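Everything numeric in this text was worked out from a predicted model, so none of it was measured.
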Amino acid sequence: MKVLVVRFSSIGDIVLTTPVLRCLKQQTGAEVHVVTKNAYRSLFDANPYTDRVFTFSKAITECLPALKAERYDHVVDLHNNLRSLRLWVALRRPTTAFNKLNFEKWLMVTLHINRLPDRHVVHRYLDAVAPLGVSYDGAGLDYFIPDGQEVQPADMGLPRDFLVFAIGANHNTKRLPLARMIEVCHRLSTPVVLLGGPGEQEDGERIRQAAPDKVTNACGLLSLHGSASLIRQAGAVITHDTGMMHIAAAFRKPVFSIWGNTIPAFGMYPFYPDGPTLNTTLEVHGLRCRPCSKIGFDRCPKGHFRCMEEQDLRILAGR
């Protein structure tokens with residue numbers, strides 16, 4: 001059997017699909033192919049449960065002829081949007097897709113009526129392969145770092161024991177304000193390394209200057225796999241609702257997840273193997289305006305940003 005798994009983006013969502021790839025490969029012996037955007041290919045290249053990766057830059061038509069030539073037995077759509085629907089139509093192969101719960105999320109964001117199931121998105125992804133006889137194996141998420149891309153903490157001047165604080169997020173309403181990120185670092189007793197992209201480098205430097213005896217700023221200095229390597233070696237990870245949160249869960253790290261405009265009830269909180277969770281959720285309860293979006297905004301629509309300004313960070317003291 002030859003199966004195509006569709007997931008175009010992004011980092012966290014792709015990490016959350018890894019149980020599907022593993023269970024599909026191990027339980028059916030299928031030849032597993034993936035189609036994704038060029039920017040995310042490296043997340044699949046080292047995955048031993050993926051046999052071939054197809055990518056595109058702007059339009060799925062870039063790789064459509066190659067996909068058609070494969071004559072898949074089944075297509076598993078874990079993206080489920082208009083672009084992936086067009087792929088279904090073009091391939092004309094048996095297809096199953098996961099339920100995005102768009103209506104339920106709209107009810108929650110717009111009317112604050114909660115019809116969301118108490119079910120992680122990983123299990124909804126796995127529903128899409130259930131018709132193939134695949135079920136969850138209880139083993140959690142995977143993340144594979146390619147050879148030669150591990151980072152040695154000592155080379156960055158880090159001690160043996162350190163924490164990671166992933167300060168980035170795709171939207172500002174998912175990030176603590178700068179002053180509150182500085183507060184996080186002041187509360188910690190263990191040295192901390194800041195992770196983020198080039199866009200977080202300036203804020204990372206301000207945080208480092210505010211707590212130079214505790215903080216190493218690695219924002220913008222490492223590849224994705226390099227950042228994952230430090231997460232793998234950290235004692236714990238402090239993170240917003242981002243892809244770094246899911247990478248930390250894939251390495252079975254204790255996570256302190258900080259939630260602003262989004263909510264864990266959307267089903268994308270840290271996912272661990274069957275057993276005790278290692279996640280501690282930090283969120284402000286009782287706000288009538290929350291969640292204000294299933295994704296995020298550049299700034300708080302209400303102007304007060306209470307979901308982050310009122311976070312109780314005392315639980316981080318002495319970590």
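- Partner M108 forms a side-chain contact (heavy atoms from CB on, under 4.5 Å) with one of N114, I113, L101 and no other, that one being N114.
- Ring to ring, H120 and Y269 are close: their centroids are under 6.0 angstrom apart.
- How far CE of M244 is from CD1 of I238: 15.0 Å, rounded to the nearest 0.5 Å.
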Residues I247, I11; criterion side chain to side chain contact (heavy atoms under 4.5 Å, CB included); working and verdict: CA-CA 9 Å; I247 292 173; I11 294 170; 4.1 Å; yes
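- Taking the centre of each ring, F8 and H79 come in below the 6.0 Å mark.
- One N or O on the side chain of Q233 and one on the backbone of V151 form a donor-acceptor pair closer than 3.5 Å.
- One hydrophobic cluster, built from ILVMFWY side chains closer than 4.5 Å, holds both V184 and I167.
- Judged by distance alone, with hydrogens and angles left aside, the side-chain atoms of Y40 form no donor-acceptor pair with the main-chain N or O of F44 at under 3.5 Å.
- Linking ILVMFWY residues whenever their side-chain heavy atoms come closer than 4.5 Å, directly or via other members, leaves L178 and V193 in distinct clusters.
- Considering only residues two or more places apart in sequence or on other chains, R187 meets the salt bridge (Lys or Arg N to Asp or Glu O under 4.0 Å) condition with E183.
- A side-chain donor-acceptor contact under 3.5 Å links H74 and T96.
- Taken from CE in M245 to CG in D241, the straight-line distance is 4.5 Å, to the nearest 0.5 Å.
- Between the CG atom in L176 and the CD1 atom in I207 there is a gap of 9.5 Å [rounded to 0.5 Å].
- Counting non-hydrogen atoms of other residues, nucleotides and ligands closer than 6.0 Å to CD of E309 gives a total above 12.
- K2 contributes no side-chain N or O that, together with a main-chain N or O of V32, makes up a donor-acceptor pair within less than 3.5 Å.
- A donor atom on one side chain and an acceptor atom on the other are found under 3.5 Å apart for N279 and T281.
- Proximity of the aromatic rings of H246 and Y143 is defined here by a centroid distance below 6.0 angstrom, and this criterion is not met.
- Applying the salt bridge (charged side-chain N to carboxylate O under 4.0 Å, His left out) definition to pairs two or more places apart or across chains, those involving residues 46-69 are K25-D51, R52-E70.
- Note that CG of L78 is 10.0 Å distant from CG of D13, once rounded to the nearest 0.5 Å.
- Note that the CG atom of L224 and the OG atom of S229 stand 11.0 Å from one another [nearest 0.5 Å].
- Remark: D127 CG is packed, more than 12 non-hydrogen atoms of other residues, nucleotides or ligands lying under 6.0 Å away.
- Between the side chains of S42 and D45, no donor-acceptor pair is found at a separation under 3.5 Å.
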Side chain to side chain contact (heavy atoms under 4.5 Å, CB included) assessment of F305 paired with T173: CA-CA 8 Å; F305 206 21; T173 51; 4.2 Å; yes
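- Between D73 and R93 there is no salt bridge, since none of the side-chain N atoms of the basic residue sits less than 4.0 Å from a carboxylate O of the acidic one.
- For D213, the CG atom sits in a packed shell: over 12 heavy atoms of surrounding residues, nucleotides or ligands are nearer than 6.0 Å.
- Ring-plane geometry between F165 and H240 is classed as tilted, the angle between the planes lying from 30 to 60 degrees on a 0 to 90 degree scale.
- Between F271 and H123, a ring centre-to-centre spacing shorter than 6.0 Å is recorded.
- Ion pair D77/K100 not flagged as a salt bridge, since none of the NZ, NE, NH1 or NH2 atoms sits closer than 4.0 Å to an Asp/Glu carboxylate oxygen.
- Rounded to the nearest 0.5 Å, atoms CG (L4) and CZ (F54) are 7.5 Å apart.
- When atom types are taken as modelled, the side chain of R124 and the backbone of F98 share no donor-acceptor pair closer than 3.5 angstrom.
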